Number of protein chains: 2
Amino acid sequence: MKKLKRSGRLVDMTYYLINHPHQLVSLSYFSDRYQSAKSSISEDLTIVKEIFEEQGIGSLLTVPGASGGVKYIPFVQFEEGKRLTEDLCKKLEDKERLLPGGYLYMMDILGTPKFMNDIGRLFAAVFSHQKIDAIMTVAMKGIPLAYAIASHLDVPVSIVRRDHRVTEGSMVSINYVSGSSKRIQTMSLARRSLQEGANVLIVDDFMKAGGTARGMMNLLQEFKANVVGIGVLVEAEDVEERLVDDYVSIARLSEVNEKDMQVNAVPGNILNKLEEVKK
Amino acid sequence: MKKLKRSGRLVDMTYYLINHPHQLVSLSYFSDRYQSAKSSISEDLTIVKEIFEEQGIGSLLTVPGASGGVKYIPFVQFEEGKRLTEDLCKKLEDKERLLPGGYLYMMDILGTPKFMNDIGRLFAAVFSHQKIDAIMTVAMKGIPLAYAIASHLDVPVSIVRRDHRVTEGSMVSINYVSGSSKRIQTMSLARRSLQEGANVLIVDDFMKAGGTARGMMNLLQEFKANVVGIGVLVEAEDVEERLVDDYVSIARLSEVNEKDMQVNAVPGNILNKLEEVKK
């Protein structure tokens with residue numbers, strides 16, 4: 001790669017770091033890549049760090065020592081997090097999405113990669129200080145959010161299925177009781193899709209009583225895996241007894257009235273969590 | 001936002017452009033954002049453009065005139081494309097992924113967001129000159145690739161289902177004949193998930209005879225939508241009669257021998273397509 005001047009290095013370095021979140025990049029790597037002295041690279045990184053932090057892009061951790069380097073941790077500033085949660089609430093309150101039975105159509109929200117990526121970065125910020133080895137979700141509506149979060153944490157995604165396909169190899173299955181309908185259902189995860197003892201963040205698009213999340217927690221026990229947390233895009237409010245109590249949500253439905261065609265949503269607890277992480 | 005020096009502007013501008021692919025950003029936007037003269041912004045963009053093109057990050061189109069600005073088009077250089085296709089072939093040839101019946105386990109590949117994002121950028125490069133309004137895929141294994149491509153093209157994703165859920169509202173369903181098993185199956189897409197007349201790129205993880213792709217094409221007719229192209233991650237080789245003939249693939253299985261535990265894969269036609277686009 002040809003020798004680059006500072007201005008060129010800053011552009012390429014920003015691109016590189018953004019594409020390698022949560023990865024330790026050594027000074028030598030950049031020094032070789034740009035045929036520049038480590039002292040110059042250090043100065044570049046000071047500039048990048050300052051701008052990343054000022055503009056709320058994320059933080060740049062410096063790991064000292066011979067095996068050290070820098071690590072880009074995506075972050076979201078409180079104001080941006082607030083804007084994102086309010087944006088979601090506003091979208092949810094569009095009465096056009098009310099379906100028979102009081103269900104809400106959400107595929108337009110889940111189907112917008114840019115919005116999912118922003119929400120994914122918000123979750124990644126909240127869980128940025130925790131050791132996470134994998135994201136687990138259930139097919140299919142949890143998938144977009146799971147990938148958006150996993151991209152920002154640079155971890156793989158494990159997808160739990162409600163059916164059994166030949167392309168999955170041996171699977172581990174459990175029965176669980178859906179919290180709201182009280183029906184017994186089955187969920188399965190391919191044996192090779194998750195390492196034993198992994199630290200896992202559970203993700204879903206919607207949570208009512210939490211039966212599905214509880215099912216995923218039980219399934220994780222079969223893999224001797226640890227639940228680091230649960231993140232959902234939207235939670236329902238009118239729940240008598242929730243089966244999980246520690247979770248992070250972006251928005252909460254405070255009213256869904258099919259008869260009056262009224263949907264109200266309020267921000268979930270993610271902003272509190274974001275505040276805690278900053279401390 | 002506080003006034004930024006050139007070095008700071010270059011870092012923030014790179015981040016901003018990377019996060020807004022295929023979107024026209026006016027000079028005034030940057031000029032306001034950084035409280036800098038348009039002439040300085042123009043110089044910044046010249047530097048960004050040069051590095052984006054030299055480093056194979058993408059191109060920066062300049063749209064002149066009062067309503068003009070710049071547009072970042074993600075791209076992949078031939079060498080990187082070659083590396084990605086070869087990387088996929090090598091992964092596919094790992095005999096550990098052979099399943100009974102000659103099926104291949106691919107969830108580890110599909111479950112890695114970083115790799116999917118790179119492959120998504122490759123597809124986005126190949127289709128960068130075409131007008132695409134949406135990506136369509138079928139649940140569930142096509143979803144990761146569909147989102148990866150859609151992110152780089154900044155378009156929404158429509159997910160076709162093989163079942164019917166209450167959370168989708170009214171759906172349009174068709175029957176189709178699976179090309180390899182010859183069974184009649186049903187696929188459905190939520191009415192509101194795709195606009196009439198949209199220009200659509202069809203995406204899937206795997207294609208054998210092409211029955212699913214052909215089904216999606218038929219479904220698109222119901223939406224009066226246009227098929228811009230078909231992109232698949234992996235195609236099978238031993239196909240007597242393919243039901244679609246114009247598609248782009250990253251890799252092609254040239255041999256899957258369950259008895260001898262042998263899998264061979266060769267690059268698909270995407271590199272030829274990449275060469276054509278450059279011209």
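Only a predicted model underlies this, so the values are computations on that prediction, with no experimental measurement involved. Order of the sequence lines fixes the chain letters, A, B, ..., with proteins taken first and strands second; residue numbering starts at 1 for each chain.
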request  = Could you look at A:Arg6 and say if it's the side chain, the backbone, both or neither that has a heavy atom under 4.5 Å from chain B?
outcome  = neither
note = Most contact-rich option vs chain A, by heavy-atom pairs under 4.5 angstrom, among B:Phe115, B:Tyr105, B:Phe52, B:Tyr147, is B:Tyr105
message = I need the residue from A:Ile57, A:Ile47, A:Val48, A:Leu10 with the largest number of non-hydrogen atom pairs under 4.5 Å to chain B.
response = A:Ile57
Contact summary for B:Pro156 and A:Pro113, nearest pair of heavy atoms = CA-CD, 4.0 Å
key: Greatest number of heavy atom pairs closer than 4.5 Å to chain B - which of A:Leu110, A:Thr112, A:Asp154   = A:Leu110
query = Which bit of A:Ala190 comes within less than 4.5 Å of chain B, counting heavy atoms only: side chain, backbone, both or neither?
reply = side chain
request  = Report the distance from atom CD1 of B:Ile18 to atom OG1 of A:Thr14, rounding to the nearest 0.5 Å.
outcome  = 9.0 Å
ask   = Counting a contact as any heavy-atom pair under 4.5 Å apart, which residues of residues 94-104 of chain A contact chain B?
value = A:Glu96, A:Arg97, A:Leu99, A:Tyr103, A:Leu104
task = Might you work through the side chain to side chain contact (heavy atoms under 4.5 Å, CB included) test for A:Gln55 and B:Val11, ending with a clear yes or no?
result = CA-CA 10 Å; A:Gln55 307 288 77; B:Val11 171; over 6 Å; no
request  = Tell me, with the steps shown, if A:Met140 and B:Arg161 meet side chain to side chain contact (heavy atoms under 4.5 Å, CB included).
outcome  = CA-CA 9 Å; A:Met140 70 159 225; B:Arg161 307 186 63 124; 3.7 Å; yes
inquiry  = Heavy-atom cut-off 4.5 Å, strictly under: side chain, backbone, both or neither for A:Asp108 against chain B?
reply    = neither
inquiry  = For A:Lys141 and B:Ile159: C-alpha separation, side-chain torsions, deciding distance, then whether side chain to side chain contact (heavy atoms under 4.5 Å, CB included) applies.
reply    = CA-CA 10 Å; A:Lys141 291 220 274 284; B:Ile159 305 177; over 6 Å; no
ask   = Can you name the nearest heavy-atom pair linking B:Gly8 to A:Ile51, along with the distance?
value = CA-CD1, 3.4 Å
ask   = Going by heavy atoms in the side chains, are B:His20 and A:Lys114 under 4.5 Å from each other?
value = yes
note = Counting heavy-atom pairs under 4.5 Å with chain A, the top scorer among B:Ala146, B:Ser193, B:Ser7, B:Pro21 is B:Ser7
key: Leading residue by heavy atom contact count with chain B [cutoff under 4.5 Å; candidates A:Met116, A:Glu54, A:Met13, A:Glu50]   = A:Glu54
note = chain B shares the most heavy-atom pairs under 4.5 Å, among A:Ser170, A:Ala134, A:Pro144, A:Ala148, with A:Pro144
